[in-house]
Amino acid sequence: MLPSRFVSGQQNAMRKSRLEGKPSLLPKPRRPGSTDRLSTEARRPSTAGHRSSSAEPARGTFGGSRLSREASATKLPLNGRSRSQQGDRFGQSSMTPLRSSHYSRPTTTPVRTPSEDRASRSWQTSLERALAFVTIKDQRPISAVAWQRAECARVGEALAGRGEGGGMALIRPLTIARFVDIAAALLSAITSDAKLNTDNYVTKLPHLSKRLLYPGTVSKSWLKTVNTLHAFPHALALISYLLDLVSHIEMPVSDEWLYVGKDELACLRRDYLYKCWIRFQDPGHQFEDLNDQYLQNLKLLLGNDEEKIAELTQIIKKYEACLNDEVEVAARRDEARRVERRDALLAGLRAERAGRHADRAQCAALRTAHHDAVDAIKHLDVEIERANAESQQLKHELETQPLTVEQRTKLLDDVDYALRVQDSKRALAEQIAKMVLTKETELALWQKKTLDSCVEYKQGLIHLSAQFPDLASLAIDEKELMSPECGASVSSALSALRGRSAALAQLRTEHAREKSALARKRATMLEETRTKIAEIKTSVQREQEALDTETSKETLDTAAAVAELRELNERMQELRQQQDEYAKIDTELQFWEQQDQLWRSKLLSLQEYINSQRIEAQRLLDNAREKRVQIIVNCVREWNDKLAH
């Protein structure tokens, strides 16, 4: 549709005269609530409806009174300027040119896709632009209370079944952290690059929802206020869609999906294996007829290609050479060294854990000794104060009480003894204070070591949580190391780490067992393949010897026939002189020609038999080669999967 500035009536009114009906150069007064700002979501299909009252009015179109529902689109004056003529919009000047030409009139059509953007556009940008045009209307009644109740119950049960219902239960209203956790957990099962957090979910979720063809609206307005009641239906609809998508992705694959409909070779192999399995259920099962039928069908399907056979033979030789290559041996040695290094690191980790446990126990013992020493010091301080009070009281009594010489001497002795006892206790208290200070110093050192061990423990957890995210919850705060509850948390974390170590050790043992079993199986199958190849070579050699024998016999028969023909020619020369025996000689000549044709037909049949034997031997060789190639491919795929995990 054309904008109102291209309507024919307005153009005629504008071009009648440059003086008569000329619009004013002053800007028209802005109506309240209007703005020239373009909508940031103008290209989104969801914003293609009616504009709000604060947006700019709709432009006039052909048949504007019938197609447009806004009154402002049909009430523009004929000599008034349209909104595109106000201000510098899309690069157009607001001044009326002095000379207006029909051919030099500037256009107001914006450049939607510049050429420089096309050259530098990536495939992700192109994909997002293509997905932006996929408009699928959401048919779900999001605002219905019954739908919300039923969908909330279904989503809660599904999340609980996935093991995510404990800390991510649907509570109305949702919190931002819980919504981000649920969306991140569901998106991680769909795509691997969805790393959501509370800082980037507002900017990433709209793009991710477009890539996943979400039919609803994922706007930044309700994403920012997802923790309110009015945004709960939108969040519930998005979580329900992601959950259905994850359930569809995790749906088990049936056996029919493994075979392509047009893959005749795969279908033929599937039918052969199915018939062999049915035949295997019988007590006296025989597979010769099934093998012959499969070989005949395989011959009809693949045909005989000598060049392909020679190429596969070269590939088998190359793989045999690669099995004993120095690179393969070096790779095995590298793997053995890596395993030894991993074992050494695990042993060092165990020793470090044991040392941390011993340090933690010694730290607890020193803390207990410190508390005992502090209690003893407090007790000694109380005793010293009590002794000083008693001493002052005794002095006062001595000063106020008349004594005899014997009593005074006895009291002086008692006072001297008490002073010596007090000095000894003071020396003991000083010694105990020095010991307490020493223990406090040792306790501070042990605390520093404990903090260092805690830092190392956190660093180890950071490295381990990259592979095991659930271990991040075992982190210990440095502020809680001296609390009494730290021992229980440390023991629980230690038990969890020991359990994980035992599980990893068991998994490593299982992998080693599977690896050894696969190695034995591969060696057995390789030996069987070599045995079959040797048998095929022996049979081919035997057939070649038989062919050589037949060829020598044919040569002797041919020489004998030549000699006989020579004798017949000589006899014919002799018998030409005799007209009576001419018919007999002619009959004998025809007989020997028939014999020659018979021998030639036998020779052709022998050649065909030799060719069939060659084809059979090549077929057996191809089967053995295919089995060996399949075994090698499966082993390589399994090793790739193990290395990827």
Side-chain angles (χ1 to χ4, degrees), residues 252-255 257-259 263 265-288 290-292 294-295 298 302 309 311-343 503-539 616-645:
V253 181
S254 61
D255 295 338
W257 294 5
L258 300 177
Y259 300 96
D263 193 357
L265 182 61
C267 294
L268 183 63
R269 187 181 296 110
R270 179 190 60 185
D271 296 338
Y272 170 70
L273 294 175
Y274 177 73
K275 291 178 181 178
C276 288
W277 173 251
I278 296 299
R279 187 72 61 84
F280 181 72
Q281 307 298 323
D282 298 334
H285 50 274
Q286 297 293 332
F287 301 103
E288 285 75 9
L290 295 179
N291 294 336
D292 296 336
Y294 177 70
L295 291 177
L298 196 61
L302 299 179
I309 291 170
E311 182 181 356
L312 292 176
T313 305
Q314 295 296 328
I315 291 174
I316 287 178
K317 291 181 180 179
K318 183 177 70 174
Y319 282 142
E320 288 179 352
C322 289
L323 287 176
N324 298 324
D325 195 3
E326 295 180 357
V327 178
E328 182 70 19
V329 175
R332 293 172 184 169
R333 292 176 181 174
D334 190 11
E335 182 181 0
R337 287 195 299 269
R338 193 178 294 108
V339 170
E340 292 178 358
R341 183 181 178 185
R342 182 184 61 186
D343 294 338
L504 290 177
Q506 185 178 1
L507 186 61
R508 183 186 65 182
T509 306
E510 292 178 357
H511 285 327
R513 190 182 302 108
E514 291 177 359
K515 179 181 177 182
S516 60
L518 288 175
R520 290 195 299 270
K521 185 177 179 181
R522 182 179 64 180
T524 304
M525 298 184 73
L526 183 62
E527 189 65 28
E528 292 178 357
T529 305
R530 289 177 179 174
T531 306
K532 290 182 180 179
I533 291 173
E535 292 178 357
I536 292 172
K537 287 182 179 179
T538 305
S539 62
E616 182 69 15
Q618 192 62 37
R619 192 264 308 166
L620 295 175
L621 184 61
D622 290 342
N623 291 336
R625 187 181 298 112
E626 288 179 359
K627 290 180 180 179
R628 188 173 180 182
V629 169
Q630 189 66 27
I631 290 168
I632 294 173
V633 169
N634 292 333
C635 290
V636 172
R637 187 179 295 111
E638 291 176 0
W639 277 108
N640 288 332
D641 294 338
K642 290 180 179 179
L643 291 175
H645 292 296

For the pair R628 (side chain) and L526 (backbone), establish whether a donor and an acceptor sit closer than 3.5 Å, ignoring hydrogens and angles.
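Flag not set: sc R628 to bb L526 has no pair under 3.5 Å.
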
Is there side-chain contact between [X] and [Y], with heavy atoms separated by less than 4.5 Å?
X	Y	answer
E514	H511	yes
E510	Q506	yes
L295	N623	yes
I315	L312	yes
Q618	R625	yes
R337	D334	yes

Looking at [X] and [Y], does any basic side-chain N land under 4.0 Å from a carboxylate oxygen?
X	Y	value
D271	K275	no
R530	E320	no
E335	K515	yes

With sequence neighbours left out, write down each residue that passes side chain to side chain contact (heavy atoms under 4.5 Å, CB included) with I278, or none if nothing qualifies.
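Applying side chain to side chain contact (heavy atoms under 4.5 Å, CB included) to I278 gives Y274.
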
With sequence neighbours excluded, tell me which residues meet salt bridge (charged side-chain N to carboxylate O under 4.0 Å, His left out) with E535.
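Not a single residue meets the salt bridge (charged side-chain N to carboxylate O under 4.0 Å, His left out) criterion with E535.
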
Just wondering, are more than 12 heavy atoms of other shown residues or ligands nearer than 6.0 Å to [atom1] in [X]?
X	atom1	value
F287	CZ	yes
K627	NZ	no
R341	CZ	no

When you check the side-chain N and O atoms of R637 and N640, is any donor under 3.5 Å from an acceptor?
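No.
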
Value rounded to 0.5 Å, distance of CD1 in I536 from CG in L620:
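The CG atom of L620 is 4.5 Å from CD1 of I536, to the nearest 0.5 Å.
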
Rounded to the nearest 0.5 Å, how far does CG of L298 lie from CG of D622?
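One gets 9.0 Å once the value is rounded to the nearest 0.5 Å.
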
Verdict with reasoning, R522 to N634, per side-chain contact (heavy atoms from CB on, under 4.5 Å):
CA-CA 11 Å; R522 182 179 64 180; N634 292 333; over 6 Å; no

Would you mind telling me which of T524, T531, T529 makes a side chain to side chain contact (heavy atoms under 4.5 Å, CB included) with E527?
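The single option meeting the side chain to side chain contact (heavy atoms under 4.5 Å, CB included) with E527 is T531.
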
Any idea which heavy atoms bring L268 and Y294 closest together, and the distance?
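Scanning both residues, the minimum pair turns out to be CG-CE1, 3.8 Å.
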
